[in-house]
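Residues: numbered from 1 along the sequence shown.
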Amino acid sequence: QVQLVESGGGLVQPGGSLRLSCAASGSGHTFSIYSMAWFRQAPGKEREFVSAITTSGTATSYAASVRGRFTISRDNAKNTVYLQMNSLKPEDTAVYYCAAKNINGLFIAASQHDDWGQGTQVTVSS
């Protein structure tokens, strides 16, 4: 089990950029054993997959809706995973959640994850 805290959300204009961070702590293990992922949920919609990254950061996965615009990365020395979001669109507006799985791989289903952060709001609007 690991505690996750997201930060970096806010209000941005269409075409703008934002960088989200997810800090991990309290697991009793090193951050490097966790595969990580980002999900998002807009009002009235189901939680959807955004991006995933393996324990080493050498493999990544992206939803088609964000591919080419978003970049996931991690710094295991800082116990942190990031989501760089560029060319933001109004449809990117959602609460963004960080999730962890203590098995190496690329996990794209919300149900596969054991630990979740509290979420951070991203609003893309003029």
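Of the possible polar contacts, none joining the Thr58 side chain to the Ser56 backbone as a donor-acceptor pair under 3.5 Å is found. In this structure, Glu6 contributes its side chain and Gly119 its backbone to a donor-acceptor pair below 3.5 Å. Not a single donor-acceptor pair under 3.5 Å links the side chain of Asp92 to the backbone N or O of Pro14. With hydrogens and angles disregarded, no donor-acceptor distance shorter than 3.5 Å links the side chain of Gln84 to the backbone of Thr71. Between the side chain of Thr54 and the backbone N or O of Ala59, at least one donor-acceptor pair lies under 3.5 Å. Listed for the Arg74 side chain is no donor-acceptor partner under 3.5 Å among the backbone atoms of Ser35.
Note: the hydrophobic cluster containing Tyr34 does not contain Phe49 (ILVMFWY, side chain heavy atoms under 4.5 Å, direct or indirect links). A single hydrophobic cluster is seen to contain both Val124 and Tyr62, as judged by linkage of ILVMFWY side chains at heavy-atom distances under 4.5 Å, directly or through other members. Val12 and Val66 fall within the same hydrophobic cluster, defined by Ile, Leu, Val, Met, Phe, Trp and Tyr side-chain heavy atoms under 4.5 Å apart, directly or through other members. Both Leu83 and Leu88 belong to a single network of hydrophobic side chains, linked directly or stepwise wherever heavy atoms of I, L, V, M, F, W or Y lie under 4.5 Å apart. In the hydrophobic clustering of this structure, Tyr96 does not group with Tyr82; members are Ile, Leu, Val, Met, Phe, Trp, Tyr whose side-chain heavy atoms approach within less than 4.5 Å, directly or through other members.
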Intermediate values then yes/no, side chain to side chain contact (heavy atoms under 4.5 Å, CB included), Gln1 and Asp115 = CA-CA 7 Å; Gln1 189 174 22; Asp115 301 295; 3.3 Å; yes
request  = For side-chain hydrogen bond (donor to acceptor under 3.5 Å, both in side chains), just list the numbers for Ser125 and Thr123, CA-CA rounded to whole Å, side-chain angles, deciding distance to a tenth of an Å, and then say yes or no.
outcome  = CA-CA 6 Å; Ser125 176; Thr123 302; over 6 Å; no
message = Evaluate Ser32 against Thr55 for side chain to side chain contact (heavy atoms under 4.5 Å, CB included), listing each step before the verdict.
response = CA-CA 5 Å; Ser32 62; Thr55 57; 5.6 Å; no
query = Going through the distances and angles, do Asn76 and Thr30 end up as a side chain to side chain contact (heavy atoms under 4.5 Å, CB included)?
reply = CA-CA 8 Å; Asn76 287 345; Thr30 60; over 6 Å; no
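In this structure, the side chains of Val2 and Phe31 stay at 4.5 Å or more apart for every pair of heavy atoms. Using a 4.5 Å cut-off on side-chain heavy atoms (C-beta onward), Trp38 and Cys98 make contact. Two residues are said to be in side-chain contact when any heavy atoms from C-beta on lie closer than 4.5 Å; Gln121 and Thr93 meet this criterion.
Note: His113 and Phe39 have perpendicular aromatic rings, judged against thresholds of 30 and 60 degrees for the angle between ring planes.
We find the CD-OG distance between Gln118 and Ser7 to be 8.5 Å, quoted to the nearest 0.5 Å. The distance from atom CG of Asn79 to atom CG of Leu4, rounded to the nearest 0.5 Å, is 10.5 Å. To the nearest 0.5 Å, atom CZ of residue Phe70 and atom OG1 of residue Thr60 are 14.0 Å apart.
Heavy atoms of other residues, nucleotides or ligands lying less than 6.0 angstrom from CD of Glu91 number more than 12.
The side-chain hydrogen bond (donor to acceptor under 3.5 Å, both in side chains) pairs that include a residue from residues 42-51 are Arg40-Glu48, Gln41-Arg47, where partners are two or more places apart or lie in different chains.
Hydrophobic cluster membership for Phe107: Ile103 (Ile, Leu, Val, Met, Phe, Trp, Tyr linked by side-chain heavy atoms under 4.5 Å, directly or transitively).
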